[in-house]
Amino acid sequence: MNAAKQPAWLDNAVFYEIYPQSFCDSNADGIGDFDGIISKLDYIKELGCNAIWMNPCFESPFGDAGYDVSDYCKTAPRYGTNEDLKRLFNEVHNRDMHILLDLVPGHTSVEHKWFKQSMKSERNEYTDRYIWTDSIWEEPTGYGSLRGISDRDGSCAVNFFSHQPALNYGYYAPCRPWQLSMDSDGAIATREALKDIMRFWLGMGCDGFRVDMAGSLVKHDEDGKGTIALWRNIRKFLDEEFPSAAMVSEWGEPDKSLQGGFHMDFLLHFGPSHYNDLFRCAEPFFSDRGRGDISEFVAKYKENYEKSERKGLICIPSGNHDMDRLSRSIRGDNLKIAFAFLLSMPGAPFIYYGDEIGMRYVEGLTSVEGGYNRTGSRTPMQWDDTTNAGFSSAPKERLYIKQDESKDRPTAKAQMADESSLRSEIKRLIAIRQCHTALQSKGEIEFVFAEKNAYPLAFLRSGESERILVIINPADREARFECGHTLKKEIYRFGGKINRQDGIAAVPPKTAAFFEV
């Protein structure tokens, strides 16, 4: 595998995910904006995060929270202007931080000018920008479709919601006349338009992209070969024009995404990764009940780790805008233990805004902007104990999503003042990670103990000049394992003291510790 040359700043990157509409509102309209984000950059830096992933901020009708783009080169007015976003880039860089934009290459909104042109019965340069059948009576196999919406005879494939027509990057193995090949004029035009979008924002100062559903672009591409080839073509363009641009994929198959030229790949909360076994299932491994199983997650992780040539470029997020909040299933001190794991694994960690203070999933909310069950994970950030928890000075009823109204809701201000808070623990963990290259993105990992239906979890992180043993026991009871390493200097501990005697380590309940070995 010829992995892309990685920008040096990714080696020790710790990302903070900003959902812009929910982060900080500077103009009292009930929706977060760029100026609000700028006002909180020092908060992010003080936590220890040195990189940002911002969810889509482009013009959109917001039927899917901005993942339905109507103009890729114009910011949504509710957030600010293109100049405001450029100023955000500059403010991020002034703090020696980096920022990735969220790129959505697979589909647009029905409001996009490309789609409006593609609906016309007369051929034009956008006729093949989307996937259309030749007849209104035939639907694209395996996809939903838009039908009967214009004079054009045909059905248009959609991704996810019915207002998100699928862009055409070609079919790997066309079998119908309307299924265009990857080297068709239409597919190539779409690919080149994607490059133009990337040129625009990289030229404005962003540091790269997190790419939404990066593995789904070429259709009928079961082994991903066509999509890998597509991204290799884009990687060649980036190497020539923007060699320092960072690329992180939402793919879930790191062996494929790294072949395609991405620097890092997200573990997805669906598919084969067993990521949900850790935090979001009936019996999560990190629950203090101690009934979870991490073995299948570790087995799949090791498989992907080897496939990606032990590059250590698999990212494990605390959560994101598509998942239940971490605190919905993991609570109390176990949240600290979960972050001890997240911040000691290879690949860049991603912290979803508010997870650092244990923000809760707000139950029973009506769907907002296509959130549906995800809406409860997208509520406004809780900054302090002032009106609307400091998120906005708008009247409560104007907040675009209802806020957690619990009297004991966590706030950033309170947790920053409390050395024993979740946020303070996360700050300590990030600082330790940054002091030890073995704990950073590229440090190697070897699992020492990760047995089926058993606790604890133990793994060895290795760098050029150090080896660090990480031992984690989220359960409410002592756990023991055969430990062949002498525990030298303890560099981090939350919970009880771990004792090793006759090669057996006894790990107290609800404990996490790092040792030089």
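Positions are given from 1, in the same order as the sequence printed here.
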> Give a yes or no answer on whether the side chain of Tyr361 reaches the backbone of Thr375 with a donor-acceptor pair at less than 3.5 Å.
no
> Under a 4.0 Å N-O cut-off, is there an ion pair linking Asp476 with Arg289?
no
> Does some side-chain heavy atom of Val507 sit less than 4.5 Å from a side-chain heavy atom of Glu478?
no
> Under 4.0 Å between a side-chain nitrogen and a carboxylate oxygen: does that hold for Lys300 and Glu296?
no
> Mind checking whether Tyr43 and Trp383 have ring centres under 6.0 Å apart?
yes
> So, Arg310 and Glu444, do they make that salt bridge, N to O below 4.0 Å?
yes
> Is it true that, when you exclude Lys195 itself, more than 12 heavy atoms of the residues, nucleotides or ligands shown sit nearer than 6.0 Å to its NZ?
yes
> Between the main-chain N or O of Ile498 and the side-chain N or O of Thr511, is there a donor-acceptor pair closer than 3.5 Å?
no
> Does a salt bridge link Arg210 with Asp102, judged by any charged N lying under 4.0 Å from a carboxylate O?
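Yes, this pair counts.
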> Between Gln440 (side chain) and Gln434 (backbone), is there a donor-acceptor pair under 3.5 Å?
yes
> Listing request: all salt bridge (Lys or Arg N to Asp or Glu O under 4.0 Å) pairs with a residue in residues 198-209, at least two apart in sequence or in separate chains.
Asp196-Arg199, Arg199-Glu241
> Would a line drawn from the ring center of Phe515 to the ring center of Tyr492 be shorter than 6.0 Å?
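No; Tyr492 has its ring centre 6.0 Å or more from that of Phe515.
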> Are side-chain heavy atoms of Glu369 and Gln21 found at a separation under 4.5 Å?
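They are in contact (side-chain heavy atoms under 4.5 Å apart), so the answer is yes.
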> Any idea how Phe449 and Phe481 line up, ring-wise: parallel (<30°), tilted (30 to 60°), or perpendicular (>60°)?
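The rings of Phe449 and Phe481 sit tilted, inter-plane angle from 30° to 60°.
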> For Glu419, is there any backbone N or O sitting under 3.5 Å from a side-chain donor or acceptor partner on Arg428?
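Here the side-chain-to-backbone pair exists.
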> Is the gap between the ring centers of Phe350 and Phe266 under 6.0 Å?
yes
> State whether Glu91 and Arg87 are salt-bridged, where the test is any N-O pair (Lys NZ or Arg NE/NH1/NH2 against Asp/Glu carboxylate O) under 4.0 Å.
no
> Carefully, step by step, assess Phe391 and Phe23 under the rule ring pair (Phe, Tyr, Trp, His ring centres under 6.0 Å).
CA-CA 7 Å; Phe391 165 71; Phe23 197 59; 8.9 Å; no
> Which residue in the set Leu457, Val470, Leu429 passes side-chain contact (heavy atoms from CB on, under 4.5 Å) when paired with Phe341?
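Single side-chain contact (heavy atoms from CB on, under 4.5 Å) partner of Phe341 among Leu457, Val470, Leu429: Leu457.
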> Do Phe514 and Leu439 pass the side-chain contact (heavy atoms from CB on, under 4.5 Å) test, and can you show the C-alpha distance, the side-chain angles, and the key distance before you say yes or no?
CA-CA 10 Å; Phe514 307 165; Leu439 292 174; 4.2 Å; yes
> Can we say Arg374 and Asp64 salt-bridge, meaning some charged N sits less than 4.0 Å from an Asp/Glu carboxylate O?
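A salt bridge is present here (some side-chain N lies under 4.0 Å from a carboxylate O).
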> Is there a side-chain contact between Tyr352 and Arg378, using heavy atoms and a 4.5 Å cut-off?
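They are in contact (side-chain heavy atoms under 4.5 Å apart), so the answer is yes.
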> Side chains of Glu222 and Tyr172: is there a donor and an acceptor less than 3.5 Å apart?
no
> Determine, step by step, whether Trp231 and Phe262 satisfy the ring pair (Phe, Tyr, Trp, His ring centres under 6.0 Å) criterion, reporting the C-alpha distance in whole Å, the side-chain angles of both residues, the deciding distance to 0.1 Å, and the verdict.
CA-CA 8 Å; Trp231 284 114; Phe262 284 93; 4.9 Å; yes
> Given side-chain contact (heavy atoms from CB on, under 4.5 Å), test Ile294 with Asp277 step by step and report yes or no.
CA-CA 7 Å; Ile294 203 169; Asp277 293 0; over 6 Å; no
> Do NZ/NE/NH1/NH2 and the carboxylate oxygens of Arg423 and Glu46 come within less than 4.0 Å?
yes
> Could you check whether any side-chain N or O of Asn473 sits under 3.5 Å from a backbone N or O of Pro508, counting only pairs where one atom can act as donor and the other as acceptor?
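Looks like yes, one N/O pair under 3.5 Å.
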> Who are the salt bridge (Lys or Arg N to Asp or Glu O under 4.0 Å) partners of Glu464, not counting sequence neighbours?
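So Glu464 forms no salt bridge (Lys or Arg N to Asp or Glu O under 4.0 Å) with any residue.
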> Test your reading of the model: is there a side-chain donor-acceptor pair from Ser273 to the backbone of Leu268, 3.5 Å cut-off?
yes
> Should Leu422 and Asp355 count as side-chain neighbours, where that means a heavy-atom distance under 4.5 Å?
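When only atoms from C-beta onward are counted, Asp355 and Leu422 do not touch, as no gap falls below 4.5 Å.
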> I want to check something: taking the side chain as every heavy atom from C-beta on, are Arg433 and Pro349 in contact at a cut-off of under 4.5 Å?
yes
> Would Ile314 and Tyr301 satisfy side-chain contact (heavy atoms from CB on, under 4.5 Å), going step by step from the backbone distance to the final call?
CA-CA 9 Å; Ile314 305 168; Tyr301 185 95; 4.1 Å; yes
> Using a 6.0 Å cut-off, check whether atom CD of Glu482 has over 12 heavy atoms from anything other than its own residue.
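Count not over threshold, so no.
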> Specify the closest pair of heavy atoms between Thr379 and Ser22, including all atoms of both residues, with the distance to one decimal.
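Residues Thr379 and Ser22, closest heavy atoms: O-CB, 3.8 Å.
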> Is a donor on one side and an acceptor on the other found under 3.5 Å between the side chain of Tyr16 and the backbone of Gly48?
no
> Between Arg480 and Ala505 (side chain of the first, backbone of the second, donor and acceptor by atom type, cut-off under 3.5 Å), is there such a pair?
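Not confirmed, Arg480 side chain does not pair with Ala505 backbone.
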> For the residue pair Asp221 / Thr227, report whether a side-chain donor-acceptor contact shorter than 3.5 Å exists.
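A pair is found: one side chain offers a donor N or O, the other an acceptor, under 3.5 Å apart.
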> Between Asn304 and Glu253, does a side chain to side chain donor-acceptor pair (under 3.5 Å) hold up when you go through it step by step?
CA-CA 7 Å; Asn304 283 330; Glu253 297 180 88; over 6 Å; no
> Under a 3.5 Å cutoff, is there a donor and acceptor pairing between the side chains of Asp33 and Ser26?
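The criterion, which ignores hydrogens and geometry beyond distance, is satisfied for Ser26 and Asp33.
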> Between Lys45 and Asp42, does a salt bridge (Lys or Arg N to Asp or Glu O under 4.0 Å) hold up when you go through it step by step?
CA-CA 5 Å; Lys45 185 176 177 65; Asp42 289 338; over 6 Å; no
> Output yes when Lys302 and Glu306 qualify as a salt bridge under the 4.0 Å nitrogen-oxygen rule, no when they do not.
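Salt bridge: no.
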> Compute both the distance and the angle, then confirm whether Arg325 meets the cation-pi test with Tyr353: under 6.0 Å from the six-membered ring centre, within 45 degrees of the axis.
yes
> For Val362, is there any backbone N or O sitting under 3.5 Å from a side-chain donor or acceptor partner on Asp404?
no
> Under a 3.5 Å distance rule, please check whether Ser327 uses its side chain to pair with a backbone N or O of Ile330 as donor and acceptor.
no
> Let me see the working for Phe297 and Tyr275 under ring pair (Phe, Tyr, Trp, His ring centres under 6.0 Å), right down to the final yes or no.
CA-CA 6 Å; Phe297 166 83; Tyr275 167 83; 7.5 Å; no
> Between Asp223 and Ile228, is the side-chain contact (heavy atoms from CB on, under 4.5 Å) condition met? List the steps.
CA-CA 9 Å; Asp223 295 324; Ile228 290 169; over 6 Å; no
> Answer yes or no: is there an ion pair linking Arg360 with Asp324, defined by an N-O contact shorter than 4.0 Å?
no
> Test of understanding: with salt bridge (Lys or Arg N to Asp or Glu O under 4.0 Å), list the residues that count as partners of Arg477, not counting sequence neighbours.
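Result, salt bridge (Lys or Arg N to Asp or Glu O under 4.0 Å) vs Arg477: none returned.
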> Do His321 and Glu17 pass the side chain to side chain donor-acceptor pair (under 3.5 Å) test, and can you show the C-alpha distance, the side-chain angles, and the key distance before you say yes or no?
CA-CA 9 Å; His321 58 287; Glu17 179 189 349; 3.0 Å; yes
